[in-house]
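The structure appears right after this line, and notes come after that.
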Amino acid sequence: MDEPIRNDHAELLRRRALTEDAARPDAVARRHAANGRTARENIADLVDPGSFVEYGRFVIAAQRFRRDVDDLIARTPADGLVAGTARVDGGACAVLSYDYTVLAGTQGVLGHRKKDRLFDIIERMRLPTVFFAEGGGGRPGDTDYPTVSSLEVRAFKLWAALSGLVPRIAIVKGRCFAGNAVIAGCADLIVATEDASIGMGGPAMIAGGGLGDVHPDVVGPISVQAPNGVVDVVVADEAAAVVVTKHLLGYFQGATEPGVAADQTALRTLVPERARRAYHVGPIIETLADEGSVTFLRERFAPEMVTALARIDGRAVGVIANNTRVMAGAITAAASDKAARFLQLCDAFGIPIVSLVDCPGYMVGPAAEAEALVRRGSRMLVAGAALRVPMVAVIIRRGYGLGAQAMCGGGLHEPLLTVAWPGAHLGPMGLEGAVRLGMRKELEAIADEDEREERVRQATAAAQDNAKALNAASMFEIDDVIDPAETRSLISATLAAAPPAPPERRRFVDTW
């Protein structure tokens, strides 16, 4: 015969039931009608079954001076922040989620305290973290805590201080403003749904600043936040966001069993023979990597530079590559920002770099300089020089000038291995430009324009012969010229021989 339930146990069960979604069917229905999932539904989808250990389950909004406690228990469970530790695909992590069904996911006084507690746990346990950041920012309606400015809140400092210590992924669906947006912005990676609107201030703050009435969905839509580089991966909905986030977390959880690889002989023909013909570099990355292991980051931002996380023989790698279909693959100010920050991220968490080089150099000219290229372009060199993780560089077609050096961590001998494909050419600058500069006086002396251009063509052809990868290899400027089909195996062998990066913590990873 079952023992009778004690009153205290019964009260616990009653209160616990009030924290679950089933206790608020109307709020859940509204969320589902808006094509969204609840905080608990997202967490349940993300974490391994039975692994979630919740903190602060019974917290309620700090509004006892203006609302009945029973009402707060019923309507503000967890103070709108569900948080705890868990496992994702077997790896330990922390998970936090604002609950948009509770006061629009705003940040309450006790929710801030809960974050402080979790951030301390995350630091002590070195836990990778996923944060569902949707919400309206600070909450002005909390009355139980006397404050003037609320600027003494420590959550933002504590969250920012985790930079470079543990990988942090923010997921954003719908509206994410003010403090919630800062949580996302301080994360290492942001995964956002197509209906997301992310902004440092929401409509109320915009109107309060005298800037007019703005609809929430146009504050910072994906049409803005993807091309400008704020968002790393854009997905259709929260279910897709969870799938991508699991994939991203995996890169930081160590090596896996080697995956299936594509036929590597396809690499022999993926790069056109004509130097001026553009091509897609994505298929090259996907051919080199384990099947299904590639995640491209910030695809719509600075598309002339490709950044991706992938696996080669089960080992996580970060890939940078020039995209010849945009700006001929030249390094612009934005491309340098994108690559430099990515190098920092990989270096902070011990992920080696594979650099696929087809670069005519840095972008030049008055328009490029107006983008602060001198400073921003130099970021990539500084980030490369600071790398502690191994790099393997592959010159797949062109390696010219300072841009190619930046792609190689500062120079051809900085990577652990620098190889080239047979059709590659290397030089201190674009060959035709070098010819016109070096032969300027001779060319000026030729009166006939057709004869002058023919002389340029002849000299450029001679320069191309001199710039061949095999010639550079004969001078030991690069380590080898290889069959493209050997690339994957050489990368794998080199990284297998490399020692792990030193354990010292990187100070922080730039948010940009």
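Source: prediction; values computed, not measured.
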Are Leu103 and Tyr98 side-chain neighbours, meaning at least one heavy-atom pair lies under 4.5 Å?
no
Are any of the side-chain heavy atoms of Leu288 and Leu356 separated by less than 4.5 Å?
yes
Tell me, with the steps shown, if Thr38 and Asp21 meet side chain to side chain donor-acceptor pair (under 3.5 Å).
CA-CA 8 Å; Thr38 69; Asp21 289 344; 2.6 Å; yes
Once you round to the nearest 0.5 Å, how far does CD1 of Ile121 lie from CD of Glu123?
10.5 Å
Check this for me: does any side-chain nitrogen of one of Glu54 and Lys114 sit under 4.0 Å from a carboxylate oxygen of the other?
no
Donor-acceptor pair, distance only, cut-off 3.5 Å: does the side chain of Ser163 make one with the backbone of Ala160?
no
Phe132: ring pair (Phe, Tyr, Trp, His ring centres under 6.0 Å) partners, not counting sequence neighbours
none
Please list all pairs meeting salt bridge (charged side-chain N to carboxylate O under 4.0 Å, His left out) that have one or both residues in residues 60-83, counting only residues at least two apart or in different chains.
Arg67-Asp71, Asp71-Arg75, Asp79-Arg139
Measuring from Ile222:CD1 to Ile198:CD1, what's the distance to the nearest 0.5 Å?
5.0 Å
Taking Asn228 for the side chain and Val224 for the main chain, is one N or O donor matched with an acceptor at less than 3.5 Å?
yes
Judged by atom type as modelled, is there a donor-acceptor pair below 3.5 Å linking the side chain of Arg40 to the main-chain atoms of Thr19?
yes
Does the side chain of Pro77 reach to within under 4.5 Å of the side chain of Leu18, using non-hydrogen atoms?
no
Does any pair with a residue in residues 231-247 pass salt bridge (charged side-chain N to carboxylate O under 4.0 Å, His left out), and if so which ones, sequence neighbours excluded?
Arg31-Glu238
What's the separation between atom CG in Leu402 and atom CE in Met380, rounded to the nearest 0.5 Å?
11.5 Å
Between Thr85 and Ala94 (side chain of the first, backbone of the second, donor and acceptor by atom type, cut-off under 3.5 Å), is there such a pair?
no
Carefully, step by step, assess His32 and Glu41 under the rule side chain to side chain donor-acceptor pair (under 3.5 Å).
CA-CA 11 Å; His32 290 171; Glu41 286 172 336; 3.0 Å; yes
What I want to find out is whether Asp99 reaches Arg24 closely enough, with some N-O distance under 4.0 Å, to be called a salt bridge.
yes
What distance do Ile190 atom CD1 and Arg298 atom CZ have between them, rounded to the nearest 0.5 Å?
9.0 Å
Are side-chain heavy atoms of Leu165 and Leu162 found at a separation under 4.5 Å?
yes
Please list, chain by chain and in numerical order, all residues satisfying side-chain hydrogen bond (donor to acceptor under 3.5 Å, both in side chains) with Lys173, sequence neighbours excluded.
Asp195
Between Phe252 and Leu189, is any pair of side-chain heavy atoms under 4.5 Å apart?
yes
How many angstroms lie between atom CD of Gln63 and atom OH of Tyr145, to the nearest 0.5 angstrom?
16.0 Å
As an exercise, state the distance from OG of Ser355 to CE of Met407, rounded to the nearest 0.5 Å.
3.5 Å
Taking side chain as C-beta onward, heavy atoms only, is Cys93 less than 4.5 Å from Val130?
no
I'd like to check Val392 versus Pro415 (side-chain heavy atoms, cut-off strictly below 4.5 Å). Are they in contact?
no
Return yes if some donor-acceptor pair links the side-chain N/O of Asn322 with the main-chain N/O of Ala330 below 3.5 Å, else return no.
no
Exercise answer: donor-acceptor pairs, residues 300-314 side-chain atoms, under 3.5 Å, sequence neighbours excluded:
{"residue": "Glu304", "atom": "OE2", "partner": "Thr332", "partner atom": "OG1", "Å": "2.4"}
{"residue": "Thr307", "atom": "OG1", "partner": "Leu297", "partner atom": "O", "Å": "3.2"}
{"residue": "Arg311", "atom": "NH1", "partner": "Gly254", "partner atom": "O", "Å": "3.0"}
{"residue": "Arg311", "atom": "NH1", "partner": "Gly314", "partner atom": "O", "Å": "2.8"}
{"residue": "Arg311", "atom": "NH2", "partner": "Gly250", "partner atom": "O", "Å": "2.5"}
{"residue": "Arg311", "atom": "NH2", "partner": "Gly254", "partner atom": "O", "Å": "3.3"}
{"residue": "Asp313", "atom": "OD1", "partner": "Arg488", "partner atom": "NH2", "Å": "2.9"}
{"residue": "Asp313", "atom": "OD2", "partner": "Ser492", "partner atom": "OG", "Å": "2.7"}

Is there a donor-acceptor pair under 3.5 Å between the side chain of Asp347 and the backbone N or O of Leu387?
no
Contacts satisfying side chain to side chain donor-acceptor pair (under 3.5 Å) that involve residues 204-221 (not counting sequence neighbours) are Arg175-Asp217
Ring centres of His112 and Phe119 under 6.0 Å apart?
no
Would you say Glu152 has more than 12 foreign heavy atoms packed within less than 6.0 Å of its CD?
yes
Val191 versus Val235: any side-chain heavy-atom pair under 4.5 Å?
yes
